[in-house]
Visitor: 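Please read through the structure below; I'll follow up with questions.
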Amino acid sequence: MYKIETFSHNLLDWFHNNKRSMPWRETNDPYKIWLSEVMLQQTQVVTVKGYYNRFIERFPTMTSLVAADEDEVLKYWEGLGYYSRVRNFQAGVREVQEQYGGVVPKDGDAFLSLKGVGPYTRGAVMSIAYNLKYPAVDGNVYRVFSRLDDDATDIAKSTARKHFEAKVMAVMPDAAGDFNEALMELGATVCTPKNPICMLCPVQDHCEAFAEGTVLQRPVKVKKLKRKSYRYKVLLIVNDQGELLIVQRPTSGLLGGMWQFPVVDEEASLADIEELLHMNLYQEAELFHTVTHKFTHLDWLLDVYLYRTTDSATGDYHFIAREEKENYTFPVSMTKIYEHYLKTGS
DNA sequence: CAAACGTGGGA
DNA sequence: TTCCCAAGTTT
């Protein structure tokens, strides 16, 4: 843990002696702070500047925005993205007009309840406009505190926000607004994702990741895996002794080395299958069963078909009796199919 | 709580 | 090309 006083002091001192990223937003007007913070959600400062200036010129006050036509307001957002933001913002401002006499409430809970206002926006507006002590945790703050504490918390998890809010509050000085801005400014200009300039960092002495040499490994952010879905045919092939045909999966890769009933592409025809297995097959039913199985990173959708044969197994395929099933390792998906076969099959 | 929600820029 | 990131919130 770093010494709180020197940490906050060093950061604020640096903030006051450096150029700001947003000189065009030098104001304490809660309406303007609010608007800019909404525009800045998931959007870079350089992108926001022009939109902010045009918007404020056209809708300089809450009164002007409340009276404006929604379609015209939307037009001023065109190209910024995340368009629900502007609809929510106007709704929120109208709410302030009606419920709070046109004054942005100096109460975090009340402000948070407004349309489009989440934990970050609450903290930013309450602290910057009113200097109230609320955390404003954005991507910069995740990164800065992950590094300061060499904290490997996965910032992709939704529970991470409260974790970092607590860290911010633990070192929150009286100058709440400047402090929140300073943290973000530090993250945006010095403690950057790829090429952090640690030599210029005002709180380098407090940074555990710098001391440990793990700066570039922080923050930890587990990638969202794009789950893909795969559909296969599973073949339950029974010989005249009531045995089932199985085959072993390749040693490496998914379910490596485990046994399964033959699996073929969903498009495979009966002729394809007979050629693959070197057997003549007699199909029992159109579709015997369907099983879905979720892995960490992909889904299986298995259509199970039941066949009979009088031929013997060739190659890597084996017929096994029911009592032999326990001698082989099967994935859960295959066991599900087997158990269904025992219940409803012959 | 994962997914959806926009767009632009950099590596 | 593809992926990551950008002063997040909603459902």
Side-chain angles (χ1 to χ4, degrees), chain A residues 11 15 20-27 30 32-52 74-92 95 108 111-129 134-147 154-165 168 176-196 216-229 294-299:
Chain A
L11 183 61
F15 180 62
R20 314 294 171 80
S21 294
M22 299 186 288
W24 42 270
R25 193 193 67 169
E26 293 295 317
T27 175
K32 293 180 180 174
I33 300 296
W34 183 7
L35 169 66
S36 61
E37 291 298 342
V38 172
M39 285 184 164
L40 286 162
Q41 291 167 11
Q42 298 294 284
T43 309
Q44 296 193 324
V45 171
V46 291
T47 305
V48 167
K49 181 180 177 180
Y51 284 90
Y52 173 83
L74 182 61
K75 188 66 181 171
Y76 278 79
W77 209 272
E78 186 178 27
L80 245 195
Y82 286 151
Y83 299 101
S84 64
R85 288 185 293 176
V86 69
R87 180 180 296 277
N88 288 151
F89 179 63
Q90 190 182 28
E95 216 171 326
F111 187 61
L112 180 64
S113 73
L114 300 175
K115 277 278 195 301
V117 177
Y120 166 78
T121 304
R122 170 188 57 179
V125 174
M126 292 296 98
S127 67
I128 296 170
Y134 285 93
V137 175
D138 71 337
N140 292 305
V141 179
Y142 280 133
R143 188 168 55 254
V144 167
F145 277 87
S146 292
R147 287 171 174 171
D154 177 9
I155 66 167
K157 298 221 166 198
S158 53
T159 52
R161 198 197 75 245
K162 284 187 176 298
H163 178 74
F164 285 95
E165 284 179 346
V168 172
D178 282 356
F179 184 66
N180 280 338
E181 277 201 271
L183 284 173
M184 293 187 274
E185 197 77 50
L186 183 71
T189 62
V190 174
C191 194
T192 50
K194 291 174 184 174
N195 298 300
L216 293 180
Q217 297 168 39
R218 302 288 179 263
V220 171
K221 186 176 184 180
V222 176
K223 296 173 188 172
K224 286 181 187 172
L225 303 169
K226 294 177 189 168
R227 292 180 74 88
K228 287 189 176 179
S229 198
K294 292 183 182 301
F295 295 89
T296 309
H297 57 304
L298 58 85
D299 294 345

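To find a chain, count down the sequence lines: A is the first, B the second, and so on, and within it residues start at 1.
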Visitor: Counting only side-chain nitrogens and oxygens, does K221(A) get under 4.0 Å of the OP1 or OP2 atom of dC5(C)?
Guide: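 For K221(A), the contact criterion (side-chain N or O under 4.0 Å from OP1 or OP2 of dC5(C)) is met.
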Visitor: Would you mind telling me which of dA11(B), dA7(C), dG8(C) lies closest to the side-chain atoms of A188(A)?
Guide: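 It is dA7(C).
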Visitor: Here's a test of your reading of the structure: between S158(A) and Q41(A), which maps to the more 5' nucleotide of DNA chain B?
Guide: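 Residue closer to the 5' terminus by nearest nucleotide: S158(A).
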Visitor: For F15(A), is the NZ or CZ atom of R20(A) found under 6.0 angstrom from the centre of its six-membered ring and inside 45 degrees of the ring axis?
Guide: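 Relative to the ring axis of F15(A), which defines the angle, R20(A) lies inside both limits.
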Visitor: Is the backbone of T189(A) close enough, under 3.5 Å, to the side chain of T192(A) for a donor and an acceptor to pair up by distance?
Guide: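 No; judged by distance alone, with no hydrogens or angles, the pair does not exist.
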Visitor: So, is Q42(A) close to the dA6(C) phosphate, meaning a side-chain N or O under 4.0 Å from OP1 or OP2?
Guide: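 No, no such contact exists.
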Visitor: What is the distance, rounded to the nearest whole Å, between atom CG of N195(A) and atom P of dC5(C)?
Guide: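 To the nearest whole Å, that distance equals 13 Å.
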Visitor: Within the side chain of D138(A), is there an N or O that forms a donor-acceptor pair under 3.5 Å with the backbone of V141(A)?
Guide: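 Yes.
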Visitor: Given the P atoms of dA2(B) and dA7(C), what is the spacing between them in whole Å?
Guide: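 Result for the P pair: 23 Å, nearest Å.
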Visitor: Give me the atom names and distance for the closest heavy-atom approach of L80(A) to T47(A).
Guide: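 The pair with the smallest heavy-atom distance is CD2-CG2, 4.1 Å.
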Visitor: Expressed in angstrom and rounded to an integer, what is the separation of N180(A) atom CG from dG8(C) atom P?
Guide: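 After rounding, the reported distance stands at 13 Å.
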Visitor: May I ask you to list the residues of residues 76-89 of chain A, by number, that have any heavy atom positioned under 4.0 Å from an atom of DNA chain B?
Guide: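 Those residues are G79(A), L80(A), G81(A), Y82(A), Y83(A).
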Visitor: Using a heavy-atom cut-off of 4.0 Å across all strands, would you classify R122(A) as base, sugar-phosphate, or nothing?
Guide: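 No contact.
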Visitor: Could you go through I128(A) and E37(A), starting from their C-alpha distance and side-chain angles, then the distance that decides it, and tell me whether this counts as side-chain contact (heavy atoms from CB on, under 4.5 Å)?
Guide: CA-CA 10 Å; I128(A) 296 170; E37(A) 291 298 342; 3.8 Å; yes
Visitor: May I ask you to say what T121(A) touches in the nucleic acid, namely base, sugar-phosphate or nothing, with a heavy-atom cut-off under 4.0 Å?
Guide: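 Here T121(A) touches the backbone only, sparing every base.
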Visitor: With sugar-phosphate meaning primed atoms plus P, OP1 and OP2, does K157(A) contact a base, only sugar-phosphate, or nothing at under 4.0 Å between heavy atoms?
Guide: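 Here K157(A) touches no strand at all.
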Visitor: Whole Å only: how far is the NZ atom of K194(A) from the P atom of dC4(C)?
Guide: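 Going from K194(A) (NZ) to dC4(C) (P), I get 10 Å.
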Visitor: Provide, to the nearest angstrom, the distance between the CG atom belonging to L74(A) and the P atom belonging to dC5(B).
Guide: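 Atom CG in L74(A) sits about 16 Å away from atom P in dC5(B).
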Visitor: With rounding to whole Å, what would you report as the distance between dA6(C) and dC1(B) at their P atoms?
Guide: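 To the nearest whole Å, 23 Å.
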Visitor: Can you tell me the distance, in whole Å, between the CG atom of D154(A) and the C1' atom of dA2(B)?
Guide: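 D154(A) atom CG is separated from dA2(B) atom C1' by 13 Å.
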Visitor: Could you tell me the separation between the CD atom of E37(A) and the P atom of dA7(C), rounded to a whole number of Å?
Guide: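 To the nearest whole Å, that distance equals 11 Å.
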Visitor: dA6(C) C1' sits how many Å from L186(A) CG, rounded?
Guide: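 Result: 17 Å.
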Visitor: Just checking, is any N or O donor in the side chain of Y120(A) or Q41(A) under 3.5 Å from an acceptor N or O on the other one?
Guide: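 Judged by distance alone, the side chains do not pair up.
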Visitor: If you pin V117(A) and L40(A) to their nearest nucleotides in DNA chain C, which one's is more 5'?
Guide: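 Nearer the 5' end of the strand: L40(A).
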Visitor: With no hydrogens and no angle check, just 3.5 Å: does a side-chain donor-acceptor pair link R143(A) and N140(A)?
Guide: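 Short answer, yes.
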Visitor: Please assess W77(A) against F89(A) for the test ring-ring contact (aromatic ring centres under 6.0 Å, His included), listing each intermediate value before the final yes or no.
Guide: CA-CA 11 Å; W77(A) 209 272; F89(A) 179 63; 7.2 Å; no
Visitor: Can you measure K162(A) atom NZ to dC1(B) atom P for me and round it to whole angstrom units?
Guide: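 In whole Å, dC1(B) P and K162(A) NZ are 11 Å from each other.
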Visitor: Which part of the nucleic acid does T43(A) contact within heavy-atom distance under 4.0 Å: base, sugar-phosphate only, or nothing?
Guide: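 Base contact.
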Visitor: Base, sugar-phosphate, or nothing: which does M22(A) touch, judged by heavy atoms less than 4.0 Å apart?
Guide: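 Answer is base: heavy atoms of M22(A) come under 4.0 Å of a base.
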Visitor: Quote, to the nearest angstrom, the P distance that separates dT1(C) from dG6(B).
Guide: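 Pairwise P distance, dT1(C) against dG6(B), rounds to 23 Å.
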